[in-house]
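Before any comments, here is the structure.
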Amino acid sequence: MSEPLHPPEVAHPRAIRSFVRRTGRVTTGQAKAFEALGPEYILPHQAGPLDVDRAFGPALIGHPLVLEIGFGMGEATAHIAGVLPDTRFLCCEVHEPGVGALLKRIGEQQIQNIRIVAHDAVEVLRDMIAPASLDGVHVFFPDPWHKKRHHKRRLIQPPLVHELALRLKPGAYLHLATDWQPYAEQMRQVLCGEPLFRNDSVHPEGWSDKPHYRPLTKFENRGLRLGHGVWDLVFKRA
């Protein structure tokens, strides 16, 4: 990459990762999904650019490509893939039960337009995504790292945002969502500071309306009932 993916004020940082390694039990259904669908839908991390058309197959050659960073248990990912069946989704997640859960949804819903890389998305971006090849990037509810001393671990920071911008086509979009307002404000500041992005919002404070494709998750619905906010940001590549 053109510069290290860490905040400049951190003298000797550990590399930023797109995840925190979590333990979890893979269910029997998820294990069966790994066995039956993993060979087709899980792509290995590789050192060179991904051949996207080959990875997704002839039926989707030339269709838009969206990178999703961190899909949790895959509920929203599967929903969005169903809403946008003509878009290819390359989805990164290292939590094994989450990968298994999404594979299970892929089988149950007969989803054809998802491929999974079970690897750190920062390295996937660096190694596998060619410049100006993405039509969109989704980052929904990344870890907010609430404590101030942990803010340097947050995913959305200037070096990574710059690299995302370089891999988006002109006019392509970056969509972020969080339910933690201080992180939302930091995200907005970081994106506004990247000259390759422009805010697509029509609202004075810069927040975006929730795009139609992003569903309300059970967690989000519960938070909204309790009076918690959710903030979406949609920026376009200049």
Side-chain angles (χ1 to χ4, degrees), residues 1-10 13-20 66-72 76-77 80 89-93 120-126 129 134-169 171-217 219-220 223-224 227-238:
M1 286 186 173
S2 57
E3 59 180 308
L5 296 183
H6 60 72
E9 69 274 10
V10 181
R14 295 187 301 174
I16 289 177
R17 294 183 179 275
S18 63
F19 66 92
V20 176
V66 171
L67 174 70
E68 180 171 14
I69 298 179
F71 55 75
T77 302
I80 294 170
F89 292 93
L90 183 65
C91 305
C92 297
E93 178 61 66
D120 177 22
V122 173
E123 295 183 1
V124 172
L125 181 73
R126 179 192 67 200
I129 307 300
L134 296 174
D135 296 275
V137 175
H138 294 170
V139 187
F140 299 150
F141 305 101
D143 193 327
W145 292 103
H146 300 88
K147 295 180 180 179
K148 187 174 182 179
R149 67 177 182 271
H150 292 158
H151 286 183
K152 61 181 177 292
R153 300 182 183 180
R154 287 175 172 173
L155 178 66
I156 303 303
Q157 299 191 44
L160 177 64
V161 165
H162 181 67
E163 295 300 328
L164 289 171
L166 292 177
R167 284 158 179 78
L168 286 166
K169 299 174 182 177
Y173 70 95
L174 170 61
H175 179 188
L176 309 178
T178 182
D179 58 353
W180 184 249
Q181 186 172 0
Y183 195 13
E185 292 168 350
Q186 182 207 325
M187 288 176 170
R188 180 182 58 187
Q189 180 181 14
V190 169
L191 267 63
C192 287
E194 172 50 62
L196 294 176
F197 277 123
R198 57 177 175 80
N199 197 342
D200 201 42
S201 173
V202 298
H203 302 294
E205 292 187 347
W207 310 120
S208 299
D209 296 321
K210 183 181 76 65
H212 75 283
Y213 55 78
R214 186 177 76 74
L216 290 175
T217 65
F219 173 82
E220 188 176 351
L224 291 172
H228 303 162
V230 174
W231 291 265
D232 285 85
L233 289 161
V234 179
F235 276 62
K236 293 287 184 68
R237 173 67 160 86

*Which pairs pass salt bridge (Lys or Arg N to Asp or Glu O under 4.0 Å) with one or both residues in residues 179-199, sequence neighbours excluded?*
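Residue pairs with at least one partner in residues 179-199: Arg198-Asp200.
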How long is the straight-line distance from [atom2] of [Y] back to [atom1] of [X], given to the nearest 0.5 Å?
X	Y	atom1	atom2	result
His162	Arg167	NE2	CZ	9.0 Å
Ile80	His175	CD1	NE2	8.0 Å
Phe235	Leu176	CZ	CG	8.5 Å
Cys91	Ile69	SG	CD1	11.0 Å
Leu67	Leu164	CG	CG	7.5 Å
His212	Lys210	NE2	NZ	9.0 Å

_Applying side chain to side chain contact (heavy atoms under 4.5 Å, CB included) to His150 and Asp143, what does each step give before you reach the verdict?_
CA-CA 11 Å; His150 292 158; Asp143 193 327; over 6 Å; no
Are any of the side-chain heavy atoms of [X] and [Y] separated by less than 4.5 Å?
X	Y	result
Val122	Leu155	yes
Gln157	Val190	no
Ile156	Val161	yes
Trp145	Arg154	yes
Ile129	Leu90	yes
Asp120	Cys92	no

Over all atoms of both residues, closest heavy-atom pair of [X] and [Y]:
X	Y	result
Asp135	Leu168	C-CD2, 4.2 Å
Arg237	Ala165	NE-O, 2.7 Å
Ser201	Trp207	OG-O, 2.5 Å
Pro211	Asp232	CD-OD2, 4.0 Å
Met187	Pro142	CE-CG, 3.5 Å

*Polar side-chain atom of Thr178 near backbone of Tyr183 as donor-acceptor pair, under 3.5 Å*: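 Flag not set: sc Thr178 to bb Tyr183 has no pair under 3.5 Å.
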_Worked verdict on Glu68 versus Phe89 for side chain to side chain contact (heavy atoms under 4.5 Å, CB included)_ = CA-CA 7 Å; Glu68 180 171 14; Phe89 292 93; 5.5 Å; no
*Can you spot which of Val234, Leu134, Leu191 makes a side-chain contact (heavy atoms from CB on, under 4.5 Å) with Leu174?*
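Considering Val234, Leu134, Leu191, a side-chain contact (heavy atoms from CB on, under 4.5 Å) with Leu174 is found only for Leu191.
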*Report the relative orientation of the aromatic rings in His146 and Trp180; use parallel for angles under 30°, tilted for 30 to 60°, perpendicular for over 60°.*
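Ring orientation, 0 to 90° scale: perpendicular.
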*Close aromatic pair by centroid cut-off 6.0 Å: His138 and Phe140*: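 Yes: the rings meet the under 6.0 Å criterion.
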